[in-house]
Every structure is written in C-alpha cells, then in structure tokens.
Amino acid sequence: MGRKSYFKQNLIEQADTKLRSMLAIGQSKKADKQNDIDTSQKIYSWSTFRTYKKQTLAYVRWLKKEHPEIKSLKKARKYVSDFLQKQEEKNLSAWTIHTQAKALGKLYNIKPTDKDFYICPQRERKNIKRSRTDAIRDKHFSKTNNDELIKFCKGTGLRRTELTELRGGCLISKSQLQPWLDKNPNPTRAKLVADALRFKHSDYFILVRGKGGKYRFAPIIGENRANIVDRIAHTPKGEKVWQYVNTNADIHSYRSDYATALYKAYARPIETIPYDRVDALGRKRQSEVYFCRKDEKGKKLDRVAMVTASKALGHNRVEVIANNYLRGL
C-alpha cells in the first residue's frame with residue numbers, strides 16, 4: 001500500500017514527512033555555505049533529524065492537548081510561540097528551549113531574527129541544570145558497577161552515540177599516523193593528522209566518526225589510558241567496544257572532565273602569553289588570550305589550549321567549550 005496523501009496524514013505524519021523532505025545526508029553544509037546555497041531547509045545528519053523530530057513530536061503532543069481542533073501542520077504554526085512560552089513556564093533549561101525553538105524554526109522555516117518569533121531565555125553557565133548536582137537518574141546509576149565505563153569516558157571524551165558505535169580497529173598510535181596518511185594522502189587525512197599532532201602528551205588516539213559524519217582523532221588521556229588502550233586493542237575489528245552504555249550515565253559531565261583535563265595540560269600561564277598586536281587605540285593586546293563573558297566575565301583563558309581541547313571534543317568554536325565544558329578553572 002502506498003504512502004498516505006499529505007492531506008490525509010495526521011499531525012505526526014505530516015511533521016515526519018516535512019522533516020524527511022529536508023534530509024540532505026551526505027551533502028556538506030560547509031560546502032553549501034561556501035557556495036551561497038540556502039541551508040535553512042536542509043538537515044545534514046541523522047542525529048540532527050532525530051533531535052528535531054523528538055522536539056517536533058513534543059509540540060504535536062502539546063497541540064493535541066491544547067488545540068485538538070488543529071489538524072493541519074500549516075495551521076499549527078501560529079501556536080509555536082505559545083508552546084515555547086509554556087516550556088519556559090515549566091522551568092525547562094534555556095538549552096532545552098533553544099533546541100525546541102531551533103527544531104520548530106526548521107520545521108516552519110522561521111529565522112531566529114524573525115521579529116514575531118519567540119525570544120528564548122539566555123543560556124548562562126550558572127543556569128546549567130545538568131551535571132552539577134545529583135539528579136534523579138543518578139539514583140539508578142551505580143558508579144561502582146560502571147567504573148570502567150566512567151574511566152573510559154573521562155579518558156576519551158566521546159559522545160554517547162560515538163560510544164555506542166565505537167568498534168574495534170579504531171585505535172592508532174602516534175607512530176602510525178604518518179604511515180596512515182601515506183597510505184592514502186589527501187587534504188582531509190592531512191588535516192586529521194595535523195590536528196592529532198597537537199596533542200604532544202598523547203601516544204594513542206581513537207579515530208572517531210562524530211557529529212555530522214566528521215572524523216577526528218580523539219587523544220586518549222589520563223591515568224587510565226593503558227586500560228583504555230587495552231580494551232580497544234583487544235576488541236576484534238568491527239565488533240562494538242561497548243555492547244551496552246548505561247542510559248543513566250552522565251556522558252556530558254565526563255566530556256567536561258576530559259575537556260578540562262586537556263585544557264589544563266596545554267594551557268600556558270596567561271602572563272607568559274605574548275602581547276603580539278596593537279589595537280586601534282595603540283594598546284598592546286594578547287590575541288591568544290580568550291576573555292570569558294557573562295557570569296564568567298573577567299576570567300582569562302589560553303585560546304590555543306582551548307582550540308586544542310575543542311578539536312579533541314569534535315567542536316570547532318572555542319565559545320562552545322568555554323560555555324559548556326570547561327569547569328573549575
């Protein structure tokens with residue numbers, strides 16, 4: 001039997017159809033931007049698709065409860081701001097509301113700058129609700145039984161999806177990097193190797209296929225690195241390194257520990273970083289010093305060390321790790 005006509009589909013089916021019509025798996029968002037191709041109605045990865053679908057379904061469920069008369073996704077558009085306002089009133093985190101807004105903005109092609117679109121609350125470090133104190137889910141998570149998993153996460157900084165998909169054969173030593181590049185020399189591999197060589201204190205790396213299908217070499221760090229290397233090395237090629245990753249494990253917190261440890265390992269004392277430029281008023285400046293903002297205002301960090309930690313996590317912007325990962329500095 002063929003797929004239902006769009007006009008006979010319920011709201012959930014309409015939303016799924018709309019989101020799937022935007023899938024651009026295998027295409028490059030970076031290349032599209034460089035070629036001035038509109039990316040607003042494209043979804044480039046399955047993980048993004050799943051996130052947007054989850055948030056869209058939450059909106060549809062709310063619609064069914066609050067506006068059961070609405071049967072058309074098009075007619076439901078006018079209630080987006082009401083929905084987001086209700087989410088804020090439920091005291092959800094600013095990060096969650098921003099994700100919901102992005103998902104619905106994608107669904108309806110609403111630009112963040114649209115004057116009629118909901119203004120999301122500001123995301124500030126002091127308001128982060130995850131990974132700060134014991135949560136309800138922590139009661140169902142044994143740190144003793146999951147000790148090896150926790151140590152593995154803190155030593156590799158992998159995302160949950162990266163952990164669940166990690167397979168034997170992904171381990172590479174520093175001495176193998178150049179032969180790996182020589183086997184198939186190309187700009188992508190050359191950049192991966194160059195990024196890996198930033199980590200002067202690491203002898204082993206994991207070749208990770210991360211968010212958006214991007215590859216990186218994640219350095220293995222910490223006092224448990226020998227056990228981590230051993231576990232990966234003794235996993236047959238193609239088999240999962242972790243058959244099960246506890247859903248209550250606070251992966252973001254472990255990634256934060258990993259990022260902070262990396263930053264500390266490579267950070268220079270701020271006073272030793274050279275004043276290498278002069279601003280418009282003739283004042284000497286340190287271009288390699290990052291000035292924190294908002295509630296962290298006044299704190300200075302080594303920008304080069306931040307870039308190093310950022311590359312290990314699979315991010316490209318230092319602002320991301322400054323706001324979401326680095327702690328206790």
Side-chain angles (χ1 to χ4, degrees), residues 122-128 131-132 151 153-159 172-178 181 187 189-208 210 214-226 228-229 252-329:
Q122 286 194 341
R123 293 172 287 189
E124 296 183 353
R125 180 189 294 261
K126 64 183 180 181
N127 294 327
I128 295 177
S131 312
R132 291 292 182 177
K151 289 175 179 176
C153 293
K154 290 184 177 183
T156 61
L158 302 187
R159 299 180 175 95
I172 188 169
S173 67
K174 182 175 288 184
S175 62
Q176 293 173 319
L177 288 172
Q178 190 59 48
L181 173 58
R189 284 198 171 201
K191 186 177 185 306
L192 286 172
V193 170
D195 286 343
L197 292 176
R198 298 176 69 101
F199 304 102
K200 298 178 181 179
H201 307 318
S202 297
D203 294 321
Y204 285 92
F205 304 84
I206 299 173
L207 180 58
V208 184
K214 295 179 181 178
Y215 285 92
R216 73 180 187 280
F217 280 118
I220 299 173
I221 67 170
E223 59 185 13
N224 300 296
R225 56 184 176 272
I228 295 171
V229 168
H252 182 82
S253 176
Y254 309 145
R255 274 169 61 80
S256 175
D257 291 339
Y258 175 78
T260 303
L262 271 172
Y263 174 82
K264 288 181 177 179
Y266 291 95
R268 299 163 291 176
I270 298 300
E271 63 273 12
T272 67
I273 298 176
Y275 286 81
D276 57 345
R277 70 179 182 87
V278 177
D279 67 15
L281 298 177
R283 296 173 296 191
K284 292 182 178 181
R285 298 293 187 186
Q286 298 164 295
S287 62
E288 294 182 350
V289 171
Y290 177 87
F291 292 85
C292 296
R293 300 170 178 82
K294 298 180 181 178
D295 56 317
E296 293 281 295
K297 188 176 182 180
K299 183 180 291 185
K300 300 177 182 179
L301 299 174
D302 182 346
R303 184 181 291 273
V304 176
M306 293 173 73
V307 170
T308 299
S310 183
K311 287 184 178 296
L313 289 173
H315 287 294
N316 293 319
R317 293 182 293 123
V318 294
E319 290 81 2
V320 174
I321 67 165
N323 295 329
N324 298 289
Y325 292 98
L326 299 182
R327 298 180 185 168
L329 299 175

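Positions are given from 1, in the same order as the sequence printed here.
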Counting only heavy atoms not in Glu223, do more than 12 sit closer than 6.0 Å to its CD atom? no
Within-4.5 Å side-chain heavy-atom neighbours: Val208 and Arg159: no
Take Lys154 and Asn224 through the test side-chain contact (heavy atoms from CB on, under 4.5 Å) and record every step on the way to the result. CA-CA 9 Å; Lys154 290 184 177 183; Asn224 300 296; over 6 Å; no
Quick one: closest heavy-atom pair of Ala190 and Leu181, and the distance? N-CD1, 3.6 Å
Any salt bridge (charged side-chain N to carboxylate O under 4.0 Å, His left out) pairs touching residues 299-310, not counting sequence neighbours? Arg268-Asp302, Glu296-Lys299
To the nearest 0.5 Å, tell me how far Tyr215 OH sits from Asp195 CG. 16.0 Å
Looking at Ala309 and Ile321, what are the two nearest heavy atoms and their distance? CB-CD1, 4.0 Å
If I take atom CZ from residue Arg285 and atom CG from residue Asp279, how far apart are they, to the nearest 0.5 angstrom? 4.5 Å
When rounded to the nearest 0.5 angstrom, what is the spacing between CZ in Phe217 and CZ in Arg189? 7.5 Å
Taking atom OH of Tyr204 as the centre, does the number of heavy atoms from other residues, nucleotides or ligands within less than 6.0 Å exceed 12? no
Test side-chain contact (heavy atoms from CB on, under 4.5 Å) on Phe199 and Phe205 and set out the steps. CA-CA 10 Å; Phe199 304 102; Phe205 304 84; 4.0 Å; yes
First locate atom CG of Leu192, then atom NZ of Lys311, and finally report the distance between them rounded to the nearest 0.5 Å. 9.5 Å
Kindly give the heavy-atom pair with the smallest separation between Arg327 and Ser253, and that separation in Å. NH1-OG, 4.3 Å
Main-chain N/O of Ile270 paired with Gln286 side-chain donor or acceptor, under 3.5 Å: yes
Measure the acute angle between the ring planes of Tyr325 and His315, then classify it against the limits of 30° and 60° as parallel, tilted or perpendicular. tilted
Sub-3.5 Å donor-acceptor pair from the side chain of Thr260 to the main-chain atoms of Ser256, do we have one? yes
Out of curiosity, Leu313 CG to Thr156 OG1, how far, rounded to the nearest 0.5 Å? 10.0 Å
Looking only at heavy atoms, which two atoms of Arg198 and Tyr266 are closest? And how far apart? O-CE2, 3.7 Å
Is atom CZ of Arg317 surrounded by more than 12 heavy atoms (other residues, nucleotides or ligands) closer than 6.0 Å? no
Please lay out, stage by stage, how Arg277 and Ser287 fare under the test side-chain hydrogen bond (donor to acceptor under 3.5 Å, both in side chains). CA-CA 7 Å; Arg277 70 179 182 87; Ser287 62; 5.2 Å; no
Exercise: identify the closest heavy-atom pair between Leu326 and Ala259: CD2-O, 3.7 Å
When rounded to the nearest 0.5 angstrom, what is the spacing between CD in Glu288 and CG in Leu301? 13.5 Å
To check you understand the geometry: which heavy-atom pair defines the closest contact between Ile220 and Ser202, and what is its length? O-OG, 3.7 Å
Does OH in Tyr275 sit with more than 12 non-hydrogen atoms of other residues, nucleotides or ligands closer than 6.0 Å? no
